[in-house]
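These notes are about the structure you will find just below.
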Amino acid sequence: MNVYSSISSIKGVGPKTAEALEKCCIFNILDLLLYFPRDYEMISASDALPSRNNFGKVIINCKVVKIEKDIKTKTGKVLSTIIFDDGNNEFKGKWFNQPYIKNYFKINKEYTIMGKLQDFRGEVCLTNPALVKNNEKVITEEKIIPKYPLKSGVTNNLIIKLINQVLQEVTIDENLPDLIIDRYKLASLDKAIRVIHKPESTEDLHEATKRLKFQELFTYSLKILMLKDYFNKNKNGIAFKAAEELKLLKERLPYNLTNAQSRVIREILIDEKKECPMNRLVQGDVGSGKTIVALIAIFNVIKNGYQGVLMAPTEILATQHYIEAEKLLMGFGINIKLLCGSTTQKNKEKIKKALKDGEINLIIGTHALIEEDVEFENLGIVVTDEQHRFGVMQRSKLTNKGKNVDTLVMTATPIPRTLSLYLYGDLDVSIIDELPPGRQKIETYYINKSGKDRAYNFALEELKKGRQVYVVCPLVEESEELNLSSVEKLYEELKHKYFEDVSVEILHGKMTPKNKDEIMNRFKRGETKVIISTTVIEVGINVPNATLMIIENSERFGLAQLHQLRGRVGRGKHKSYCILIAEIKNDIIRRRMEIMKSSNDGFFIAEQDLKIRGAGEIFGFRQSGETSLILSDVVQDIELFKAANMEAKRLIESNDEKDIKIKNEILKKIEQSTRFICFN
Ligand code: ADP
Ligand code: MG
């Protein structure tokens, strides 16, 4: 057996298991070994309930003292409680909605149970403890159990078993140069892979993860560094000249472009002129004016005789873009159409036909644009707004409707420059780092929960002036154990206390897109005065009359996210405010709130967040699959990223025979993996 043998070569893996594993993208032994746990469960064994400040999972021997009667909670859940005795103290085990569990226990009998120690209204409890079945073999050591990401038909135990089996039979060759291993004191690849699946201690695990992260970041950096070259060699794109009408268009704009906008437009036009396809990311803070930049990029392509497409994540945004495009490009003989999910079937057919026949120059829309039967006569440019809201596959589906088209993607997620350098290397990134003149600073304050009254009274004042208000809170579902605001709960509370006579609506992610759009539209038209929402309120939404945003539980958000949320106000002529209600539990939270208060610059904020790195994920690259990085967190691992990047550069410049071999291997792989890194 070697690492490239198929998984069916493992003893005990039949066709059915193999099929299930393939669903997890495990085809051969190497895939299996690289299938890393997403988390670990630390189980500490103890004879007594650990102290209060030692929360986490525990396994414990104890006797049942009393089985209490089930009670129904306010939210309709069934709460079962058993009182246990560990020989020293009594403590409670609690289960939600699992009333049958208590039937496994009998009074005065001994059990070994495992559960999470939690503070439940001031009492230390085990929540949802499980009965450890194997009662004779009571675990006495600490244990670290890997938790794998799972799909149907694959269990955690199956993966653990298979990996154990495989690790006994294979050794994994080292693939990093010795020099690097020595320099960064890295574990060998073989050891790292063994440990990541079967860690004995947290120190071991730390060392193994470091090695594997380095590997990942090193490979990523190599790819990024070589990619630019690869793109430049593709000469099959379309070279668009700078159209004469550009000047006229700029003259007719209702405002002057900012310097940053002009610079980015210049960069784009240079790309468009080149024969190799454009592949550019435009980053710009909320309100920096990305739309006009996109429209000018598209305008130039259209004037060269090609079609353009602009895709946005929601109907509301697409419609907003459509209206702006109609307004700005009027009188230039450009046929613009809007295609969304709600477009009538008849209209859709008409649009699709006209698009295919080349009668439409610019089509603006939502995911509806990706559908199979949307065809172009001669597509020249694809622009995606709020790029992170689409999957990589969705974006490339659109791009593939043309041949070697230029692509431009836009995002309001500010990626700190230091990070962007490692993340995108020399790839083409344009930054609009300037807001149009005359924008007012959004006055930001943070207050403790106790100041809530003041915040909402202020909201009432704004409403009295005729303004509108956003209230944002973190979660939808009410959580039994955590004291979180939820949209519904908050609605009840606020409606009652402050907004009795105000039209308030709620908005959250579980609603249908149509429903959400309707609610947003009512707010846009001013029929609704207050929106209480999770973070789903659109990044690009423009309601100039909304002047106040109150964010509940602000400490739970990343700064970049807070900044983006805040960007929903301050879009009109009225002075705008953002009030952050936060539980200031520690200095980090206070510092983060201070940063929000003192700065309105998204890039600065992101950079600062990177430095202090409080709780919470800032960018969410991992979830969006934006990069191929699985283990590494580009923010947390920035130092390692730096080192890996430097080594990758060194390798690329090296003429050593071994290094050249590594480089060639990677070049071969680039073709398959470019889609993870390029912006289309
Ligand atoms: P975002 O970058 O968030 O997508 P938009 O493109 O929606 O920003 O622009 C926000 C608002 O600013 C729009 O109303 C737009 O018309 C306006 N705008 C854009 N550029 C300028 C400019 N140079 N001067 C004044 N207003 C501008
Ligand atoms: Mg926008």
Side-chain angles (χ1 to χ4, degrees), residues 246 249-268 280-299 309-330 336 338 362 364-366 382-390 408-415 429-442 470 520 524 536-547 549 560-574 576 578 600-603 605-606 679:
L246 274 173
L249 173 65
K250 281 184 204 165
E251 277 166 15
R252 281 211 211 151
L253 292 180
Y255 43 73
N256 290 323
L257 293 171
T258 63
N259 288 331
Q261 282 172 318
S262 300
R263 187 188 68 241
V264 171
I265 289 169
R266 229 171 13 247
E267 287 166 353
I268 292 171
R280 184 171 287 276
L281 170 71
V282 174
Q283 281 182 46
D285 216 339
V286 275
S288 61
K290 292 183 288 294
T291 318
I292 183 66
V293 170
L295 288 176
I296 290 177
I298 295 171
F299 178 82
V309 53
L310 172 58
M311 180 166 73
T314 61
E315 295 217 14
I316 240 179
L317 278 182
T319 311
Q320 210 169 273
H321 288 335
Y322 174 71
I323 293 169
E324 186 153 355
E326 280 283 8
K327 204 168 67 194
L328 292 169
L329 306 182
M330 202 170 52
I336 310 173
L338 180 67
L362 167 56
I364 298 177
T366 57
V382 172
V383 183
T384 314
D385 193 18
E386 310 300 348
Q387 143 255 12
H388 57 281
R389 297 277 305 269
F390 295 95
L408 190 65
V409 305
M410 306 195 290
T411 177
T413 308
I415 300 165
V429 179
S430 292
I431 299 178
I432 310 183
D433 50 3
E434 187 185 347
L435 293 182
R439 286 282 158 80
Q440 296 180 12
K441 185 174 181 292
I442 301 164
Y470 294 103
M520 263 335 285
K524 225 175 157 166
V536 296
I537 22 167
E538 280 320 324
V539 174
I541 206 80
N542 218 350
V543 184
N545 192 44
T547 53
M549 170 164 287
Q561 202 179 10
L562 285 178
H563 177 67
Q564 281 193 351
L565 285 170
R566 176 171 68 178
R568 238 66 8 129
V569 297
R571 290 179 162 249
K573 51 184 188 292
H574 308 290
S576 293
C578 173
N600 259 300
D601 175 347
F603 285 96
I605 290 172
F679 300 128

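We're numbering straight along the sequence, starting at 1. As the structure lists them, so they are numbered: ligands from 1, and atoms in each ligand from 1. Keep in mind it's a predicted model, so treat the numbers as computed, not measured.
Residue Asp285 places a heavy atom under 4.0 Å from ligand 1. Assignment of Gln320 to the shell around ligand 1 is not supported, since no heavy atom sits closer than 4.0 Å. Heavy atoms of Gly284 stay at 4.0 angstrom or farther from ligand 1. Distances shorter than 4.0 angstrom occur between a heavy atom of Gly287 and an atom of ligand 1.
Within the set Glu324, Glu434, Arg571, the minimum heavy-atom distance to atom 16 (O) of ligand 1 is found for Glu324.
Here the rule is side chain to side chain contact (heavy atoms under 4.5 Å, CB included) with Val264, and of Asn259, Leu257, Val282 only Val282 fits it. Each of Arg263, Arg280, Lys290 was scored for a side-chain hydrogen bond (donor to acceptor under 3.5 Å, both in side chains) with Ser430, with one residue passing: Arg280.
Residue Gly289 has at least one N or O atom closer than 3.5 Å to an N or O atom of ligand 1.
Residue contact check: Asn256 has heavy atoms under 4.0 Å from atoms 22 (C), 23 (N), 24 (N) of ligand 1. Atoms of ligand 1 found under 4.0 Å from any heavy atom of Leu257, numbered from 1 in the order shown, are 23 (N).
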Let's go through Val569 and Thr547 carefully: what are the C-alpha distance in whole Å and the side-chain angles of both, what is the deciding distance for side chain to side chain contact (heavy atoms under 4.5 Å, CB included) to 0.1 Å, and is it a yes or a no? CA-CA 5 Å; Val569 297; Thr547 53; 5.7 Å; no

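Contacts with ligand 1 closer than 4.0 Å are made by no heavy atom of Asp385, backbone or side chain.
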